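To find a chain, count down the sequence lines: A is the first, B the second, and so on, and within it residues start at 1. Note that the structure is predicted; figures quoted are calculated from it, not measured.
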Amino acid sequence: MDREEGCLLEIDDLSKTFKGLHAVENYHLRLSPGEILGIIGPNGAGKSTVFNLLTGHLRPTRGSIRFRGQDITRLPPDRIAALGIGRTFQNIRLFASMTVLENVVSARQLKERSGIIATLLSWPSFHRTEQRLASEATENLGLFGLADRAGKAATSLPYGDQRRLEIVRALALGPTLLLLDEPTAGMNNQESMFVLDLIRRIRDQYKLTIILVEHNMPLVMQLCERIQVLNYGQIIAEGTPEQVRADPKVVESYLGRAMEDSKDAEARNG
Amino acid sequence: MKTRLAIVLVAAAALILVGCGGKGGGNTIKIGMLFNMTGAQASLDAPSANGANLAAKEINAAGGVLGKQIKLVSFDGKSDAATIGTAATQLAQTEKVVAMFGFSDSDMVMAAAPTAAKAGIVFVTSGATSPKLPDQVPDYLYLACFGDNVQAAAGAEYAINSLKAKTVYLLIDKGMEYTLLLGKYFKERFVEQGGTVVLEDNYQTGDKDFSAQITKLKGQKAKPDMLYIAAGPDDVGTIVKQFRDAGVKSPIMGGDGYDTPLLVQVAGKGAENVYFTTHSLMDPKLGTDAVKKFIAAYQAEFKVPPENAFAGLGYDTVKLLADSIKRAGSADPKAIRKALQATKDLPGVTGAITYQEGSRIPQKGVTVILVKDGTFTLAQEVVPQKVPQP
Amino acid sequence: MAMSTRLQRLIPPAVMIAALAAILGATDLVAGDYLQRIVIIIGINVILVASLNLSNGFTGVFSLGHVGFMAIGAYAASILTLPVHLKAVNLPDLPGWLQGVAMPFLPATLIAGLIAMLVAFAVGLSLMRLNGAYISVATLGFLVIVQVVLVNWDQFTRGARTFAGVPAYATIWNVWIWAALTVYVVWRIGASAFGRDMRAARDNEIAALSLGVSVIRSRLLAFCMSAFLTGVAGSLWAHFITSFSPKSFFFTQAFSIITMLVIGGLGSVSGSVIGVFLITVLSELLRNAERGFDIGALHLPPIYGASQILMAVLFVLVIVFKPAGLMGGREIDIRGILRRIGASRRGKGAA
Amino acid sequence: MTSTELLLQQLINAVSIGSLYALMAIGLAMVFGILRLINFAHGDLIMVGSYVTLLLMLLGLPFLLAAAAGVVASTIAGLIMERVAYRPLRGAHEIAMLLTSFSVTIFLENLAIILFRPTSRAFPAPAVLRSVIEIGQLRVAGLDLIAIIVAAVLLLGLTLFVRRTNVGIAMRAASQDLLAARLMGINVNKVIATAFAIGSFLAGVVGLLWSARVGKIDPLMGFNPVLKAFVASVIGGLGSLPGAVIGAYVLGGLEILLQGLLPSALTPYRDAFVFAILIALLLFRPNGILGSTEREKI
Amino acid sequence: MLKLETVDVAYGHVQALDGVSIEVRDGELVALLGANGAGKSTTLMAISGIVRPRAGTLTYNGVDLAKSSPFDIVGLGVIHCPEGRRIFGGLTVLENLKMGSMRRAEKQGVRKDIDWVFSLFPVLAQRRHQSGATLSGGEQQMLAIGRALMAEPRLLMLDEPSLGLAPLLVQAIFKVIRELHHRGVTILLVEQNVRQALAVADRGYVLSTGKVMLEGTGKDLRSNPEIEQAYLSAAPGARA
C-alpha cells in the first residue's frame, strides 16, 4: 500500500475476527485533515468495532493504522488518546462520582498537571495549575452552553446534556481527530440539530478532523463530506452523500424503504 | 452531622465510664485471667479458662486465701495481639490485679506479659511451653508447665531406650511455635543418641488432608521404626486416623498436644500404639487421686470431661498462684513474686511444681503415655538425662 | 487578595492540627495507659484505613491483601530495629551485614515502607490489570503468599515462632504524626489530577483510557503509595505490640480494617477517620460489656463472642441502610463548619 | 509401592479431594451467578450441618437419620441466611455483598462458639465410612470412593436439573439477566431460594464427608473449605457451574501434585505456589478457564 | 383496563415521574413518547412492578399493581418487553421462549404459541437450538418480542423495540406490532421513532421530565404543531 503525503489517518487492510466471525474485514481509509467522515450501516455492521480498533480498545487481527505518519496499530488506548485521538461512546460513559467540571478537567489535565511533589506540598504552582485547568474547562463548557451546570453531578444532567458533556470532555483532550459514536442517539430532532451545528462549529474553531458514526441519516447527510457504508464488516459503498444515497446496494441493505416511508409521511403531512 | 458527632461523644464518654469502672474490692483478691475465648486460639484456651474457673471456685468454697475470696478478672483476648495488650493494660491499671496468668501460645503471652512486668506483677502462662519465653520477659514471666525441650528430650530418650527405634519419620506443624520447637528438640536429642531421621515433612495448622504426606512416606524405600508427629490437640486425632487408615502401623509419638480425648475419639482403633509425653496421666480410673478428683469435678461443672491437657494446666496455675499468695501472707505483687519463685513440690493434677533458684520454668517429671485398648496407660515416668539448650 | 486566599487555605489544616495536638497532649499528660493505648490504636488504624482508602476507595481496586503490606512493614522494620544482642539470640541466621544493624525508629520505618512499596510495585504490575472481584481474589492470594513466606522464611522471620524483643518505640506522638501525615497525603492526592485519574479509572475504565489516563499506572500509583503507608503502619504496630507472629497479619486483621473503611464510606477521607473512631470505640465498649455485668440485682453472665456478633449485625445494617457508608464518599467540609461557627459567633456578637 | 501405584494413589487422592471442593464450589458459583454474591458464609453451612448431625447422634439417633437431618439443617440455614442477610441487599455492589458475607461468617462462627463451645468435638462416623479397601499395595479409603461417587451422582443430577427442568432453566436465565427474568414472570425469589437451597444442601453433604474424613468438628471448620472452593470457582470462572467443577478438580490435583512433587524444603510453600498459579492464570484468562473472554461491550 | 393516576416515582432524590396519569383501554395501541430521560421506561417499570411508586394509584382491571409483585403482574397478563432486548444469551432460542411461558400451566397452548411465534418470525424457527447470544441484533429483538408473546399478554408493553435497528428491521418489527394489534392484543408502546409510532397508535401520550405534556389520538398528535416541531419537522424521515 502506498503512503500518501498530508494524510492524517491511513488505515489499510484492517480486519477483526471474533471467534471466526468477521466483525470488520479489509477496512481501509485515507483521511485528510479537516475532513468530516460519516460511517453508516446497519447494526452489527462493524462501525463501533472500527472505532474500537482505531482507539486501541480492540486489537486488530490484521492490518495497520497510521496516525500522522506514526504506526498506532498496537498501541494501548491511553497512548492513542495522548497522541490526539479523542472519542465519545455509543452508551454514555461519564465519570459518575465527579461534577460536570471535573469530568472535563479530568481530560484537560492530560496536557497540564502538577507533579506529585507540588501536589503533596500544596505549592502555589499546584493551585495555579488547578485554577487554570478549571477556567479552561469552564470555557469549554461555555461553548456548549453547559457552563452554568459546572458544579452539578455529571450524572444528574438530563440525557441530552450528558451526551453533549461527553463531547466537551473529548474536546478537552485537545485532539486532532475526534471520533463521535452516535452523538445524537436518543435525542429529539431539535437537540440533534443543535449538535449538528455544534459539530460544525468545533470543527472550524479547533481545526478538527471528525469521524462520525450515526443512524440519523439527515444529520449524516447534512454534515458529512464523505460517507462510508459498512455492511457485514465490509465497506459496500463510499462517496459523497449524494453518491451514497443513490447507490442501489446501500438502499437495499440499509436505507430500505425508509426513504420512501419518509416521502409517504411528507406526502401525508404535506 | 451533629447527631453523628453526638453519638461519637456519648460513645467516648461511655467508654471512659466503663473503662474506669473497676470496683475496688476490700474482701477479694483480684487475679487477672487472659485467655482467647474466641478466634483461632479459642479451642486451646477455653479448656484452660474452665480449669482456672474451677480451681477458683474450689478455693473460694474452701474459704479463699488469707480469708479473702479470689476473683478472677477475665477478658477475652480474641486471639488478637492488640486486644490482648489493651486487656492486659486494663487488668494492671484499671482492675489493679495482683497477678496475671493465661494463654497457651507464646505470641499471646508476649502480648500481655511485658505489660504485667511493667506494672510489677507476675504473669504465669498456663500452657505456653516455649522454654525461651522467660528470657524474653525478665523476672516476671513464669511457666506453669515444663518446657518443650524437656518433654521432647524425654520422648527421644524413651524412643531410643524403650522402643528401640533407630529411624524416625518426622512430621511437623509449621504453623505453631509449640510444634516447631517440639520437633526441633526431638530431632536434636534423637540424633544425638544415634538415631536417624529418614524423612522430614510438614503441614500447616488446620490442614485436614494428609494423603500427600502419607503417600510420600509410603514411597520411601526404608521404612522408619517410628513416627514422631509434632501436632496441636486439634489436629492429632485427624492425623493419626489418616496415617493409620492408610496402613501405617509403626508406633507414633508426640507431645502433650496429644493429651486430649479427641485422640481416641477421632482416631478410634488407630490410636493404639501411640505414645506421647505429657504432664500426668489424666485418666478417671488410672490417674492419681488428685487427677480423678479433678476430672470428676470438671465433668460435674462443665458437663464434659477435660477437653485436653490445657484444662489441668489452667487449674494448676490458679492453685499455684493461690498457694503463692498464701505463702506470701499478703496480696502484695512483690511478695507474691518472691513466694512464687520459692514454690517447692506443690502438687497439682499436671505434676508437682518446683522452681529452681533463678529458673522460671518448673521442674516437672515427664509422663510417657501409651494408648492401649482405647485408654491412656502409663508407659513410664521419665526425667530426661540431657535436655537440649533452649 | 492572593495572600488572603492562601491564608484562608491554611486555616482549616491549622485549626485541625492545633485541635489534634491539644487532644493528644491532654491524653499524653492526663490519661492512663489504657486510654493512651486506645488513642495509639486509633492512630494506627487511621493510617491503615486511610491508606487502604487510597487504593480501595479512590481507584476501586478492592484489595483484600493490604494486611500483607502491613506484615512486610512490621517484619522489615523490626528486623532493622531489633537490638544487636537480641538479633544474635532470636535471629542467629540473619546475614552478617544485618546482624550488626540496629537502626533508629524513623529510618527503619521509612525503609520498611519502601520495601512494602517495592513489593506492591512488583505484584501490582500484574495485579492491576485485573478487575472487580477478581482483583480482590488475587490480592487475597497475595495475602496467603505473604503469610506462607513469613511462616517459612525462618532466617529472617523466625517462621511461625514469635518475633519478640522489638523495642517499644511507638508513642502517641509519632503514631499521630504519621496518621496526620497519611490523612493529609490521601486528601491532597484525592483533590489533585492524580486523584481525578484514579476516580476516572474507577468510574469508567474505558472512558478513562480514551482520555489518555493510564489506568494501570494510576492504579499502581495508588497501590504503591497505599502500600508504603500501610507498611509504615505495620512498623508502628510492630513497635507498639513488640511481639508478633505471622498469624497476627491474616484475615481477622484484614476484615477489621475493611469493615472500618466501608462503614466510614469508600472514597471519603473523613469517612475513614470516622469509621476508625466509631468501630474502635464501639468494639472496645462491647468488649468490656460482653464480660457480663450487674444491673441492680440482675446478673448478666459473660458471653464471649457477643461483641463480634453485634459488630457483624451492625455492619450488615450499615450496608443495608447506608450502602455507601456513613460519609457516602463525601467529605466533611471543615471550611464550611468553621465559617458557620464564625458566622454564629458574629451573629451572637451582633445580638 | 511401585511408581504406577504411587501415581494411582495420588490420582485417587486428587479426585477425592477435588470432589469435595467441587460440591462446595458449585454452591458458590450458583449463588454468584444470580446475585453476584461471593458467599463466604457458605463454609459455615458445613459447620451447621455437622454440628446438627453430631448433636442428634449424641441424642441417640442413628447416623443416617442424623446425617439427613444435618443436611436439612444446612439447607434451612442457607435459606435463612438468604432471607435475613442477603435479600435486603439485592442489587447492592458486589463488594458490599462480599463484605456482608464476611459478617455473616463472623456472626455464625461466634454464635457456634457460644452455643457449642470453641473446642473441637469428635465426629463419630460409622464404620462403613471408615473402611479401607486394599487392592494390591493400593489402599483406598472407603470415604474417598464414597466422596467420588456421591459427587459424581450429585453433579450429574444437578446438570440434568439445570438443563432439563423449568426451574433449572429459569435459574440459568436469572443468572444471565435478573431484570429480564423478573419481567418474564420468573419468580426470582423462588429461583434464588432454590439456588441457595441446592448450594446449602451440597454444603451439608460436604460437611458430612468432610467431618467423617477429619474425624472432628469445630466452629471455625468452614473457613478452609470455603477458601478452597472460592479459589476453585475463580479458576473455573466465577458463576460458571461447569467451570466451578473443573476448577475444583484442577485445584485438588494441583495441591496433591505440589505436595508430592515439590522438594521437601519447598512443600511448606505449597499454598503460595497454588495462589501464585491462580494469579498467573487470572492474568492470562482474567475470567477463569470457562469465563467468557469478552470484554465489556463498548 | 390499565389506569395510572397521578403516579410519582423517585430514584433517591431524583423525581422520575411526577403525577403521571395514563389510561390504556382494551384493544388499544397506545404510544408513549418523549425524549430520553422523560420517564417513559420508568412508567413501564412502575407498571410491571419493578419500581414502586411513591404516590398515586396503578390499577389493572381493578387490581392494585402497586401492591403486586412483578411475578403476580405477569400472571395478570401484563407483559413488559424491556428496552435493549435483554434476551438470555446463554439459553437457546427455544429455552428463551419457554422462559416467556413460565407462568403458564397448559402444555398444549404453550406448544401452539411456540409455533405461532415461529410463524411470525420464521428466522427464529431456523435457529431454535442456537444460543441467544449468537443471534444478530434484529433476531434478538424478534426473540425478545416472541418471548413476551409466549406469556399470553393481554397488555403488551414494548420498550423501544426499534432502538438500534437498521431501517429495514424497524419496518419488520413495526409490521409485527401492527399484526399483533389487529389480533386484539392491547399494546403500550414506548418509542423514539415518533413518526412510525404515531402511524400505528390509536392514541399517544407525550412525556417530558416526568410529566404528561400532551395526549391525544395518533392522528391529533401527528398534526400537533408542537410535536411537529419537536420531533418531526427538522429532520424528515429515516431516523433509525
Which heavy atom in [X] sits nearest to a heavy atom in [Y], and how many Å separate them?
X: C:V148; Y: D:A272; value: CG1-CB, 3.8 Å
X: C:W153; Y: D:Y269; value: N-OH, 3.9 Å
X: C:G305; Y: D:I114; value: C-CD1, 4.2 Å
X: D:I279; Y: C:G141; value: CD1-C, 4.4 Å
X: D:A276; Y: C:I145; value: N-CD1, 3.8 Å

Part of [X] within contact of chain D (heavy atom distance under 4.5 Å):
X: C:S136; value: side chain
X: C:Y304; value: backbone
X: C:I309; value: both
X: C:L314; value: neither

Any chance you could measure [X], atom [atom1], to [Y], atom [atom2], to the nearest 0.5 Å?
X: C:E290; Y: D:N110; atom1: CD; atom2: CG; answer: 8.5 Å
X: C:F62; Y: D:H93; atom1: CZ; atom2: NE2; answer: 9.0 Å
X: D:F275; Y: C:L143; atom1: CZ; atom2: CG; answer: 9.0 Å

Give a yes or no on this: more than 12 heavy atoms of other residues, nucleotides or ligands lie within 6.0 Å of atom [atom1] of [X].
X: C:R217; atom1: CZ; value: no
X: D:R87; atom1: CZ; value: yes
X: C:F156; atom1: CZ; value: yes

Pick from [options]: which one has the most heavy-atom pairs with chain C under 4.5 Å?
options: D:D271, D:L238, D:I106; result: D:L238
options: D:I38, D:V274, D:T100, D:L278; result: D:T100
options: D:L98, D:I113, D:I95; result: D:I95
options: D:L99, D:V104, D:L89, D:L111; result: D:L99

Top contributor to chain D contacts, counting heavy-atom pairs under 4.5 Å, from C:A306, C:A312, C:S307: C:A312
Partner chain D: residue of C:L266, C:V144, C:V146, C:V316 with the largest heavy-atom pair count (under 4.5 Å): C:V144
Per-residue contact mode, D:F102 against chain C (heavy atom under 4.5 angstrom): side chain
Residue part contacting chain C, namely of D:A96, when any heavy atom lies under 4.5 Å: both
Centroid-centroid under 6.0 Å between C:F251 and D:F223 rings: yes
